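Remarks on the structure that follows.
Keep in mind the model is a prediction, meaning the values are calculated, not measured.
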Amino acid sequence: MITLLPGCRIDMHVQPRQNPLSRSDFFSDQRSERPPVYGTVARGQLHEDSYFYTGKVGNNPGDAMPFPVTKEVLERGQERFNIFCAPCHSRVGDGNGFVPSRGFSKMPPSFHIARLQKAPLGYFYDVITEGFGIMPDYASQIPPQDRWDIVAYVRALQLSQNATTADVPPGQAIPSEPLRFREPGTGASLPTVAPDTNSNAEEKK
């Protein structure tokens, strides 16, 4: 045992070091934590697709989605919209949400006014990212992918609230058949939609 002790070195345990955010006399600003080298890009933060991350072409908002709009995109957009946007804008986007009904100082605009119906998609993305007026930005709460999903859903809301019978697919009932619920929900939980059965499908035919 005595012959093995000289081989046990603890140099790595007693090496000079600084505790995180501690004072250091080595640097002129006395900060042990050093800022990143200028131009350093963190992994996953390259953001090569500038349109995806800004919604702009040059300095102007673009009017195209950076990826195909699918059912999954709209469902995700609806979910995020109902969480972050509906409290003020309402679930149909008319600006009569719960927050304004409680005395908010300024009513949000309806998405169905002519100005916002004509607004390019990148405009909505930019407002979510940067905020607008008294609306704060949601850049820290909503990642870029979800912002675009919400934008797609906002456009779907605009189309749904201004649709005509010519826009309805052939064979679609007007109004649509009401949903059937297995459980009504308790207020703390959402209602459970009952699946369509063969008999229901036959009735609809």
Side-chain angles (χ1 to χ4, degrees), residues 21 33 35-36 38-163 179 185-193:
L21 303 178
E33 297 290 323
Y38 178 77
T40 300
V41 178
R43 181 176 295 177
Q45 298 295 318
L46 184 56
H47 294 178
E48 287 182 293
D49 186 349
S50 61
Y51 182 67
F52 179 81
Y53 290 100
T54 65
K56 295 180 179 180
V57 178
N59 294 322
N60 299 315
D63 196 23
M65 289 291 293
F67 50 80
V69 177
T70 63
K71 179 182 178 182
E72 290 72 24
V73 166
L74 290 176
E75 288 176 345
R76 176 69 176 180
Q78 180 184 32
E79 179 194 44
R80 299 291 95 183
F81 179 92
N82 288 341
I83 292 172
F84 293 104
C85 311
C88 289
H89 292 279
S90 90
R91 292 203 170 196
V92 295
D94 60 5
N96 295 313
F98 179 81
V99 173
S101 72
R102 293 296 181 177
F104 197 54
S105 59
K106 188 175 181 180
M107 290 286 291
S110 169
F111 294 136
H112 310 301
I113 62 176
R115 176 177 68 85
L116 293 182
Q117 285 180 341
K118 297 176 182 178
L121 298 174
Y123 171 81
F124 296 101
Y125 181 92
D126 184 63
V127 169
I128 298 172
T129 306
E130 303 292 340
F132 185 86
I134 60 175
M135 172 184 161
D137 71 86
Y138 283 81
S140 61
Q141 297 100 316
I142 309 176
Q145 175 72 40
D146 283 347
R147 289 177 227 166
W148 282 114
D149 294 348
I150 291 173
V151 169
Y153 183 69
V154 168
R155 189 62 93 208
L157 276 180
Q158 291 175 324
L159 292 173
S160 70
Q161 296 299 302
N162 297 278
L179 293 174
T186 64
S189 62
L190 294 174
T192 304
V193 179

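- Of the possible donor and acceptor atoms, one in the side chain of Arg147 sits under 3.5 Å from a partner among the backbone N and O of Ala139.
- Closest approach of Phe67 and Asp149 over heavy atoms only: CZ-OD1, 3.5 Å.
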Steps toward side-chain contact (heavy atoms from CB on, under 4.5 Å) verdict (Phe132, Tyr123) | CA-CA 11 Å; Phe132 185 86; Tyr123 171 81; 4.0 Å; yes
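- Note that the CD atom of Glu130 and the OG1 atom of Thr54 stand 9.5 Å from one another [nearest 0.5 Å].
- Using a 4.5 Å heavy-atom cutoff, the side chains of Pro87 and Phe98 are not in contact.
- The two residues Lys56 and Asp126 have their closest heavy-atom pair at CE-OD1, 3.5 Å.
- Atom CZ of Phe111 and atom CD of Gln158 lie 7.5 Å apart (nearest 0.5 Å).
- When all heavy atoms of Gly77 and Tyr153 are compared, the closest pair comes out as C-CB, 3.8 Å.
- The distance from the NZ atom of Lys118 to the CD1 atom of Ile113 is 11.0 Å, given to the nearest 0.5 Å.
- Relative ring orientation between His47 and Tyr53 is described as parallel, the plane-to-plane angle staying below 30° on a 0-90° scale split at 30° and 60°.
- Looking at Pro109 and Leu116, their side chains come closer than 4.5 Å, going by heavy atoms from C-beta outward.
- In this structure, Arg155 pairs ionically with Asp63, as a charged nitrogen and a carboxylate oxygen lie closer than 4.0 Å.
- For the residue pair Ile134 and Lys106, the shortest heavy atom distance occurs at CD1-CB, 3.5 Å.
- Rounded to the nearest 0.5 Å, atoms CG (Asp94) and NE2 (His89) are 10.5 Å apart.
- Residues Cys88 and Pro108 approach most closely at O-CG, 3.5 Å, considering heavy atoms.
- Aromatic ring centres of Tyr51 and Trp148 lie closer together than 6.0 Å.
- For Ser90 (side chain) and Ala86 (main-chain N/O), no donor-acceptor pair under 3.5 Å exists by modelled atom type.
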Under the side-chain contact (heavy atoms from CB on, under 4.5 Å) criterion, do Val57 and Asn60 qualify, and how do the steps go?
-> CA-CA 5 Å; Val57 178; Asn60 299 315; 5.7 Å; no
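- For the atom pair Phe81 CZ and Ile142 CD1, the distance stands at 10.5 Å (nearest 0.5 Å).
- Contact of the Cys85 side chain with the Ile150 side chain is registered, since non-hydrogen atoms from C-beta on lie closer than 4.5 Å.
- His112 contributes no side-chain N or O that, together with a main-chain N or O of Leu159, makes up a donor-acceptor pair within less than 3.5 Å.
- Shortest non-hydrogen contact noted between Met107 and Gly95 is CE-O, 3.4 Å.
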Can Asp137 and Thr129 be said to form a side-chain contact (heavy atoms from CB on, under 4.5 Å), step by step?
-> CA-CA 5 Å; Asp137 71 86; Thr129 306; over 6 Å; no
